[in-house]
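Notes follow the structure.
All values derive from a computational prediction rather than experimental measurement. Chain letters run A, B, ... following the sequence lines, proteins first, then strands; residues in each count from 1.
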Protein chains: 2
Amino acid sequence: MDELDAGIIRLLQSDARLSNRELARQLGIAPSTCLERVRSLARRGVIKGYHAEIDPAALNRGVQAMVAVQVRPLSRAVIDTFKASAAKMPEVLSVFVLSGGDDFLLHVGVPDLDALHAFLLDRLSKRREVTGFRSSVIFQQVSNPAPSRLAQSS
Amino acid sequence: MDELDAGIIRLLQSDARLSNRELARQLGIAPSTCLERVRSLARRGVIKGYHAEIDPAALNRGVQAMVAVQVRPLSRAVIDTFKASAAKMPEVLSVFVLSGGDDFLLHVGVPDLDALHAFLLDRLSKRREVTGFRSSVIFQQVSNPAPSRLAQSS
DNA sequence: TTTGAAAGAAAGATACT
DNA sequence: AGTATCTTTCTTTCAAA
């Protein structure tokens, strides 16, 4: 992970469809060198994939929410089962398994508030292991499009 | 937004570097047709970009957390200022502006627990508008790699 | 590792259906 | 809206430094 790798990562994070030529040009190296670096990053698992970012509204997910969920009993079996089930629900964009007061955080995207309500009542609260949840509608979201490598704190 | 557009979106969500030829082949259409569709989707803002997915560990962000933040007073000025400031912090991956008991949710990624502690104490609690926060370490995350278009509920 | 050059593949443009 | 074809550009491989 040298300067060059960091540069490749930075550029591909913001535009995954940059041609290898253009990538090489911006970094001041030969296309063949650049291609070998990119392949190495993929082989080592540093680059895990390339994804198109889609407008949530176009996917009928104009309403998004964070739902903090508590499940009981807190056994590995219950955690794993709920995690897998939640991840399969079409409304769920992401499942986070958390420490602290809440056991899970679900990032959900749905067409409207009715659909959010239906998700909470018909999907979540129907599960026996779910003992409670709080939902917060997401008014706005700002994401870091290309998080950089942090320095070691020690 | 017909069947074809949905197919293009689905395929590019899971692999943004598919060549136009391969994309066209998998959808059973001509490459030129496919290219025009993809461009139209980008022009209309349905496709918002293409991003490489990077292993958090390689970015020294092996420890991630969700931090729920409360700010006061709850004015537009305070909300906007905190939102912009948080988004600029290098540890912050994403800022969510929420309804409900908490005003913000910060998705943060840091090298280790020391760095998380330092973030909370040195960055967050130093801000005068922050009146409280709770942090939860993320043990696991499962994301839907290619969320599909939801049907209208009505 | 990095490079330049050569062969093969894909993109972009145009005209036609 | 979709297709066929041509030209230009890019990717990929490989031998060499």
Practice problem: Please state whether the phosphate of C/dT2, meaning OP1 or OP2, lies under 4.0 angstrom from any side-chain nitrogen or oxygen of A/Arg37. | Solution: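 Result: yes.
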
- Message: Checking side-chain polar atoms at under 3.5 Å, does B/Ser148 have a donor or acceptor matched by the opposite partner on B/Arg10?
- Response: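 B/Ser148 vs B/Arg10: no donor-acceptor pair found between side chains.
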
Exercise for review: Let me know, please, whether A/Arg21 or A/Ile29 comes out on the 5' side of the other along DNA chain C by nearest nucleotide.
Suggested key: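 First, find each residue's nearest nucleotide; the 5'-ward one identifies A/Ile29.
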
**Request:** Report the residue (A/Leu4 or B/Glu22) whose heavy-atom-nearest nucleotide on DNA chain C is the more 5′ of the two.
**Result:**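 Residue closer to the 5' terminus by nearest nucleotide: A/Leu4.
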
If we check side chain to side chain contact (heavy atoms under 4.5 Å, CB included) with A/Val71, which of these qualifies: A/Val78, A/Thr81, A/Asp102, A/Thr131?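 Answer to the side chain to side chain contact (heavy atoms under 4.5 Å, CB included) test with A/Val71 among A/Val78, A/Thr81, A/Asp102, A/Thr131: A/Val78.
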
Measure from the side-chain N and O atoms of B/Thr33 to the backbone N and O of B/Ile29, and report whether any donor-acceptor pair falls under 3.5 Å.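 Checking the backbone N and O of B/Ile29 against the side chain of B/Thr33, no donor-acceptor pair under 3.5 Å is found.
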
Distance in angstrom units between [X] [atom1] and [N] [atom2], rounded:
| X | N | atom1 | atom2 | answer |
| --- | --- | --- | --- | --- |
| A/Asn20 | C/dA11 | CG | P | 14 Å |
| A/Glu3 | C/dT2 | CD | C1' | 18 Å |
| A/Glu36 | D/dT11 | CD | C1' | 14 Å |
| B/Leu35 | D/dA1 | CG | P | 15 Å |
| B/Arg25 | C/dA10 | CZ | C1' | 15 Å |
| A/Arg43 | C/dT1 | CZ | P | 10 Å |
| A/Ile8 | C/dT2 | CD1 | C1' | 13 Å |
| A/Arg17 | D/dT11 | CZ | P | 11 Å |

| Rounded distance (nearest 0.5 Å) linking atom CE of A/Met66 with atom CD1 of A/Ile138 |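 Between A/Met66 CE and A/Ile138 CD1, I get 4.5 Å after rounding to 0.5 Å.
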
Point-to-point distance, once rounded to the nearest 0.5 Å, from OG of B/Ser19 to CZ of A/Arg17
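Output value for this atom pair is 8.0 Å.
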
- Could you check whether B/Arg39 gets within reach of a base, just the sugar-phosphate, or nothing at all, counting any heavy atom under 4.0 Å?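 Sugar-phosphate: the residue B/Arg39, judged by heavy atoms under 4.0 Å, touches backbone atoms but no base.
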
Exercise. Quick one: label B/Ser19 by what it contacts on the DNA or RNA (base, sugar-phosphate, nothing), any heavy atom closer than 4.0 Å.
Key: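 If one applies the 4.0 Å heavy-atom cut-off, B/Ser19 turns out to touch the sugar-phosphate alone, with no base involved.
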
Partner nucleotide, any strand, of D/dA1 [Watson-Crick/G-U, under 3.5 Å]: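 Check on D/dA1: unpaired, no WC or wobble geometry under 3.5 Å.
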
| Has the side chain of A/Ser32 got a donor or acceptor that lies under 3.5 Å from a partner of the other kind on the base of C/dG4? |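 Donor-acceptor pair under 3.5 Å: yes.
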
What nucleotide among C/dA13, D/dG2, D/dC14 has an atom nearest to a side-chain atom of B/Thr33?
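The closest nucleotide is D/dG2.
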
